[in-house]
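Numbers here are sequence positions counted from 1.
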Amino acid sequence: MTGRLIGVGVGPGAADLLTLRAAQAISGAAVIAYPTLAGAASFARGIVADLMPEGCEEIVMDLPMTRDRAPAQAVYDDGAARIAGVLEQGCDVVCLCEGVPLFYGSFMYLMARLRGRFAVEVVPGVTSVTACAAAARMPLVARDEGLVVVPGPVADDVLRARIDGAESVAIMKVGRHLGRIRAVIDAMGLTDRAVFVARASLPDQVVVPLAGAPDE
């Protein structure tokens, strides 16, 4: 019998937004895997650190900070191989993922490499989109409206096209792209209808009109 690959969404940041199922999976794990970014501490691990069993094995996948896909794919290849080694011994592996595993989540890349050989389970979590809406007290959609979710790094013309005609828009992965995104929204005459949210659900969260968002 081989082990199960269990992708666990840990939510947007606040530990008390974990689901009960996620907490149970993490607290009972013998092996926990998670990505880090360019050697920094894992945000996902930090959310659940108090739940991780003492002495559990940790598989760390250090992703380089680059837009080039090849280096990250090599890291996922290596991580999947190490996880497979554990699964082949009959031990489950819990993979932590910020937010939701299958919504811009890193877990999907591991699942794509391993699902044909091992059983896979996915524990959904609270998305950053819904956490931001809650923090801003701003409904995302109502009745027959639709929601468009756009990653911030896309080119200006793509961003403009996806916003144009949409009823409600959530722009994620803003980071260093904030100035450029704000310029596009301003040029479309939508600044007064936009809200900026950072670090949703955490003590230092920021919720302000887009016009009052920080420069960086």
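- With hydrogens and angles ignored, the 3.5 Å screen pairs no side-chain donor or acceptor of Asp186 with any backbone N or O of Thr191.
- Atom SG of residue Cys132 and atom CD of residue Gln205 lie 8.5 Å apart, to the nearest 0.5 angstrom.
- No donor-acceptor pair under 3.5 Å is formed between the side chain of Asp92 and the backbone N or O of Gly3.
- Without hydrogens or angle criteria, Ser201 side chain to Ala14 main chain gives a donor-acceptor distance under 3.5 Å.
- A single hydrophobic cluster is not seen to contain both Met172 and Val148; linkage of ILVMFWY side chains at heavy-atom distances under 4.5 Å, directly or through other members, places them apart.
- Linking ILVMFWY side-chain heavy atoms closer than 4.5 Å, directly or via other members, places Leu210 and Ile163 in a single hydrophobic cluster.
- A continuous path of ILVMFWY side-chain contacts below 4.5 Å connects Leu102 to Val120, so both sit in one hydrophobic cluster.
- Taking all atoms of both residues into account, the shortest heavy-atom contact from Pro53 to Ala29 is CG-O, 3.3 Å.
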Applying side chain to side chain contact (heavy atoms under 4.5 Å, CB included) to Met138 and Val197, what does each step give before you reach the verdict? CA-CA 11 Å; Met138 190 173 186; Val197 183; over 6 Å; no
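- The salt bridge (Lys or Arg N to Asp or Glu O under 4.0 Å) contacts involving residues 133-156 comprise Asp156-Arg180, where partners must be two or more places apart or lie in separate chains.
- Taking each heavy atom of Arg182 and Ala213 in turn, the nearest pair found is NH1-O, 3.1 Å.
- Considering all non-hydrogen atoms of both residues, Pro124 and Thr19 come closest at O-CG2, 3.8 Å.
- For the atom pair NZ (Lys173) and NE2 (His177), the distance works out to 9.5 Å, reported to the nearest 0.5 Å.
- Val208 and Leu190 end up in the same hydrophobic cluster when Ile, Leu, Val, Met, Phe, Trp and Tyr side chains are linked at under 4.5 Å.
- The minimum heavy-atom distance between Pro12 and Leu17, with the atom names listed, is CG-CD1, 3.8 Å.
- Scanning all heavy atoms of the two residues, the minimum distance from Ala170 to Leu147 falls at N-CD1, 4.1 Å.
- Atom CG in Leu37 sits 8.0 Å away from atom CG in Asp62 (nearest 0.5 Å).
- Contact check for Ser106 versus Tyr76: side-chain heavy atoms found under the 4.5 Å cut-off.
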I'd like to know whether Leu140 forms a side chain to side chain contact (heavy atoms under 4.5 Å, CB included) with Val129, so could you lay out the CA-CA distance, the side-chain angles of the two residues, the decisive distance to 0.1 Å, and finally the verdict. CA-CA 9 Å; Leu140 288 171; Val129 172; 3.6 Å; yes
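- One distance of note links SG of Cys95 with CD of Glu121; it measures 12.0 Å at 0.5 Å rounding.
- Nearest heavy atom pair, residue Leu114 against residue Ile83, reads CD1-CG2, 3.8 Å.
- Arg199 has its side chain out of reach of Val206: every pair of non-hydrogen atoms, C-beta onward, lies at least 4.5 Å apart.
- For the atom pair Leu110 CG and Phe118 CZ, the distance stands at 12.5 Å (nearest 0.5 Å).
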Show the numbers, then the answer: is there a side chain to side chain contact (heavy atoms under 4.5 Å, CB included) between Gln73 and Arg113? CA-CA 11 Å; Gln73 296 307 310; Arg113 289 163 168 79; 2.7 Å; yes
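- Ion pairing between Asp78 and Arg82 holds under the 4.0 Å rule for side-chain N and carboxylate O.
- Hydrophobic clustering (ILVMFWY, side-chain heavy atoms < 4.5 Å, transitive): Ile171 and Val195 are in distinct clusters.
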For the pair Phe103 and Val149, evaluate side chain to side chain contact (heavy atoms under 4.5 Å, CB included) and give the outcome as yes or no after the intermediate values. CA-CA 10 Å; Phe103 184 67; Val149 180; 4.0 Å; yes
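- Within the 4.5 Å cutoff, side-chain heavy atoms of Pro151 are placed close to those of Arg162.
- The salt bridge (Lys or Arg N to Asp or Glu O under 4.0 Å) analysis of residues 22-50, with sequence neighbours excluded, yields the pairs Arg45-Glu58.
- Atom SG of Cys97 is separated from atom CE of Met111 by 10.5 Å, given to the nearest 0.5 angstrom.
- As a member of the Ile/Leu/Val/Met/Phe/Trp/Tyr network built from side-chain separations under 4.5 Å, Val48 groups with Ile6, Val8, Val10, Leu18, Ile26, Ile32, Tyr34, Phe43, Ile47, Leu51, Met52, Val60, Val94, Leu96, Val123, Leu202.
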